[in-house]
Amino acid sequence: MELAAKYNAAEVEDKWYAYWLKHKFFHSEPDEREPYTIVIPPPNVTGILHMGHVLNNTLNDVLIRNARMHGKNACWVPGTDHASIATESKVVAKLKAMGISKDDLTREEFLKYAWEWKEEHGGIILKQLRKLGASCDWDRTRFTMEPALSEAVINTFVYFYKKGWIYKGVRMVNWDPEALTAVSDDEVIHKDTKSHFYHLRYYISDGQGNPTDKYLVIATTRPETIMADAAICVNPNDERHHWLRGKKVLIPLINREIPVIEDDYVEMDFGTGCLKVTPAHDVHDYEIGLRHNLEVLDIIDEHGKLNEKARILVGEDRFVARKKIVKMLEEAGNLEKVEEYTSPVGYSERTNAVIEPRLSAQWFLKMDTLAKMALETVESGRTKFIPEKYVNTYRHWMENARDWCISRQLWWGQRIPAYYLPDGRYVVEATPEAALEAAKAICPDIKKEDLRQDEDVLDTWFSSWLWPISVFDPELPGHPDHQPNKDLAYYYPTSDLVTGPDIIFFWVARMIMAGEEFMGREPFSNVYFTGIVRDKIGRKMSKTLGNSPNPLDLIETYGADAVRIGMLLCSSAGNDIFYDEAQIKQGAAFCNKIWNSYRLVKGFTVDETVAQTPAAAAAIRWFDAKLSDTVAQVEDHYRKFRISDALMAIYKLFWDDYCAWYLEAIKPAFGQPVDKATYDATLGYFEALLKLIHPVMPFITEELWQNMEERKEGETIMYARTPAAKPFDPQVLVNFELAEEAVNGARGIRNQKNIAPKETLELKVKGDFPTEVIPVIEKMGNVTVEKVADFSEKQGVGFMVRTYEMFVALNGLVNVEEEIAKLEKDLAYQQKFLAGVRGKLSNERFVAHAPAAVIENERKKESDSLSKIESLESQLKALRNS
RNA sequence: GGAAGAUUAGCUCAGCUGGUUUAGAGCACCUGCCUUACAAGCAGGGGGUCGACGGUUCGAAUCCGCCAUCUUCCACCA
């Protein structure tokens, strides 16, 4: 079959992916082999592939393919996450575009739309992963809201409730007025935001509710909340404000009377030292309110608009109200001054809306015991973090974990299985039937229709924390006494988890908690944290910046293998990734290099009667050792999750060692055949290289592996065993390196003197140079090599290969002055170096303290240096006499 | 404000418990080549007082202290 001069990725990738699917090569079933398991970090069901996914899933795929080729039963479970807030807000937006408001729909109607949306857009991202070559076991695809997994979530809720770890409480929560739900502390991003510091006068009341002419000044960034003020608070140690003790002041505009109280919370040197206390709209104020038994007056509704309790500006959005009230305060003479001010403001991670602290009833899961268990898992090393530094972050969070607010005021998600009796009491059961039974125990006459289920759904992480368990056995979570099914027993704990450090608490920590609670052990052995993908100049990839390329376009242009290489090349473990398209081009170039080396090998004609050349024999001996050497390094890199280092080692083995040295050394002259032994070895090495690189470049390797010989239907490189490192003689590597350096020396001279590559040079070597690699030097350098006791020619260029002196005679081509100058420079350097070494050796304390091996090495440096100096001097002498 | 990590060639990074490193790699750069596998290529080449300053040591990119800069995480003063 004729091979094109350039590798065309687009042509082969779809073909082989279809082939892999057809033969279910990605599918895994428990058997007697050692399992290797990865669960995918489930992307949002309605998500679209971005560069972060490309990085993460490339790494996952490399690990899983590598394990497969090591003979393990590799299983990569794919799936998607229902992503409550993200998905619901997308559905709401779509309905809005259709002219439908969520408020006009019943829960059932809304969910119908949501499921339609999910069917339409859900799993696009999984299709996209196929383009990347991901070898997921698609038969095991899971969705966090599929019936079985939802059941698992409900069961765990009931389990923890009955254990007494889930409780309902009124808390100040982070309210997202756009998504209309509470979000957890972790989903709030604090950003420094420019605002204003308004200094407001509160006049002292005369006791009858009338203002006197005395006043105090408070500083606030939120003047629209003054109507909810419950007190003015000063520090008890602040003498400036002692005159206020026992006084009452009037809230501007509405003239409501509130007391002045004292609390240590107030910082004396911040603002004016007077704090307006608004328990309903600030976390700290709420706590002060609790201590001083203050009234809680909630004047902002769920949409962030002022309600009728505010008395003024009713129905206005909080930010509009702020502008308006400032004007009103100014007109009323209460505005003393306005300062520019930058303060941290919380934003919703999902909607970017400014978070409104809001009091509401929420469900919480106690974290103390779970956090303690999960900390131990990592501290004991049963789960390892790579890089290790994340253990610190993890520990800090675990030691300070606050109870987890698990309720969300949404419809898309698992509905909380709490059922309210008409009198407000409630029962928690997995099904309405069980709930009715439980309710009857409290209230015998109760009927099914009297029960009302809680309106809220559970936080998405409350389902994804079960992922490593529930994808295999959804029956188990919530029923830790159940025997794990066959799959769970075999695949759990999973081997490695690859994810971003941004979800270490959301997801990783909580999976560990669930794993310990329900399985009694860690959910994975290693967590490899990738960096964040940034653009060339270090900015995060984002839609708004438009600096994020579409991975599918890149795959189309350069091929999936090139994209995978490009991502891995720049992803040293634990660092952020600076994405640069140049790296993908490098990947494409590598594909092409592999392709062309195959064209060369494939183009050889074999003649069984031809004898093997000595150069080929030497090259084979060397490459055999080199391959083993590199395989051992690659294994080590994989063990340490140094994927980019593993890739680079193979890259250099393929390009520099195999193509640039090995193939050139064994390559017959144009039109000549190659002997059988060399051909077989060459093809064998090529296959070994394909296998080595297959986890990183699955497509081109399958294409070429299939092309190498007639393969049977159903054969694949995917299940070939990766080459194993064999013991080798390190001297073989050293000898070949000597040859390489000799060739480089000769080539250097050629380059310098502008001698055509076709002109054969005479290279003389002094000393006992290893004979076996001499044919390689002759072939690669286009030289004849002669071992001599002394150089007879005067005119020429000498150079050193380690301790061997070499000389190329060049009558008439040498500029004596130049050569002398060059040699003198080398000589000066050597003399300085020698002086340094001798300085060390003559230092008694060095000789006394340093280990023998180090001293021995210094002595070797000394003698090597001496012989180099000697050589340089004799060359100089010869040149000067010429 | 607290914590963790980083700082090595133009860029991205190796360099693990101090001495086989006279500081390396890939890319980029410069010079010469369309040499019948490959110009997405081949051959050759230049480039770093290892962030600053102290200390420990016979010996420091490597260990310690301090400073500077950067990144991330946590907390957050109305």
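The figures that follow rest on heavy atoms only: side chains count, while hydrogens, waters and symmetry mates do not. Residue numbers start from 1 in every chain, and the chains themselves are labelled A, B, ... in the order their sequence lines are given, proteins ahead of strands.
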Of A:Y528, A:Y390, A:F529, A:F641, which meets ring pair (Phe, Tyr, Trp, His ring centres under 6.0 Å) against A:F385?
-> A:F529
Integer angstrom distance from the C1' of B:U62 to that of B:A6 | 15 Å
Measure from CG on A:L683 to C1' on B:A37 and round the result to the nearest Å.
-> 15 Å
A:H199 ring center within less than 6.0 Å of A:F197 ring center = yes
Separation of B:G32 atom C1' from A:I755 atom CD1, nearest Å, is 14 Å
Ignoring hydrogens and angles, tell me if any N or O in the side chain of A:R201 forms a donor-acceptor pair with the backbone of A:L216 under 3.5 Å.
-> no
Exercise: identify the closest heavy-atom pair between A:E339 and A:K337 = OE2-NZ, 3.4 Å
A:F604 CZ - B:U36 P separation (whole Å) = 15 Å
Would you indicate, yes or no, if B:C16 has its OP1 or OP2 atom less than 4.0 angstrom from a side-chain nitrogen or oxygen of A:K640?
-> no
For A:F686 and B:A37, what is the distance between atoms CZ and P respectively, to the nearest whole Å?
-> 15 Å
Mind checking what makes side chain to side chain contact (heavy atoms under 4.5 Å, CB included) contact with A:K191, not counting sequence neighbours?
-> A:I189, A:T193, A:Y347, A:N352
Taken to the nearest whole Å, CD/A:E388 to P/B:A6 is 12 Å
What string of B, S and - do you get for nucleotides 71-78 of chain B, 5' to 3', if B is base contact, S is sugar-phosphate-only contact and - is no contact with any protein heavy atom under 4.0 Å?
-> -SSS-BBB
Is the shortest distance from a Lys or Arg side-chain nitrogen in A:R802 or A:E737 to a carboxylate oxygen in the other one below 4.0 Å?
-> yes
Rounded to the nearest 0.5 Å, what's the gap from CZ on A:R642 to CE on A:M648? Could you check?
-> 13.0 Å
On a whole-Å scale, what distance lies between the P atoms belonging to B:A28 and B:C11?
-> 15 Å
Test applied, ring pair (Phe, Tyr, Trp, His ring centres under 6.0 Å); reference residue, A:Y7; option that passes from A:Y598, A:W595, A:Y558, A:F590 = A:W595
Crowded around A:K753 NZ? As in, over 12 foreign heavy atoms under 6.0 Å?
-> yes
What distance, rounded to whole Å, do you find between the two P atoms, one in B:U7 and one in B:C50?
-> 14 Å
Readout for nucleotides 17-26 of chain B: B = base within 4.0 Å of protein heavy atom, S = sugar-phosphate only, - = neither; 5' to 3' it is --BB-B--SS
Counting any heavy atom closer than 4.0 Å, what does A:F670 reach on the DNA or RNA strands: base, sugar-phosphate only, or nothing?
-> base
Would you name the heavy atoms of A:E741 and A:F799 that are closest together and state the gap between them?
-> O-CE1, 4.4 Å
Does a side-chain N-to-carboxylate-O contact under 4.0 Å join A:K652 and A:D657?
-> no
Using a heavy-atom cut-off of under 4.0 Å over every strand shown, decide if A:E664 touches base, sugar-phosphate, or nothing.
-> base
Using the C1' atoms only, state how far B:C64 lies from B:U56, rounded to an integer number of Å.
-> 7 Å
Give the rounded distance in Å between these two atoms: CG of A:N392 and C1' of B:A4.
-> 6 Å
Distance, P atom - from B:U57 to B:U72, rounded to whole angstrom = 40 Å
Intra- and inter-strand pairing of RNA chain B, written as dot-bracket with Watson-Crick and G-U pairs under 3.5 Å and | for the latter, reads (((((((..((((.....[....)))).(((((.......))))).....(.(((..]....))).))))))))....
Which residues satisfy the salt bridge (charged side-chain N to carboxylate O under 4.0 Å, His left out) test with A:K840, sequence neighbours excluded?
-> A:E858
Rounded to whole Å, CG of A:D636 lies from C1' of B:G15 at a distance of 14 Å
Base versus backbone protein contacts along nucleotides 39-49 of chain B [heavy-atom cut-off under 4.0 Å; B, S, -] = -BSSBS-----
In whole angstroms, how far is the C1' atom of B:U12 from the CG atom of A:D645?
-> 12 Å
Under 3.5 Å: donor-acceptor pair, side chain of A:R402, backbone of A:M367 | no
Considering only NZ, NE, NH1 and NH2 on the basic side and carboxylate oxygens on the acidic side, decide whether A:D864 and A:K868 come within less than 4.0 Å.
-> no
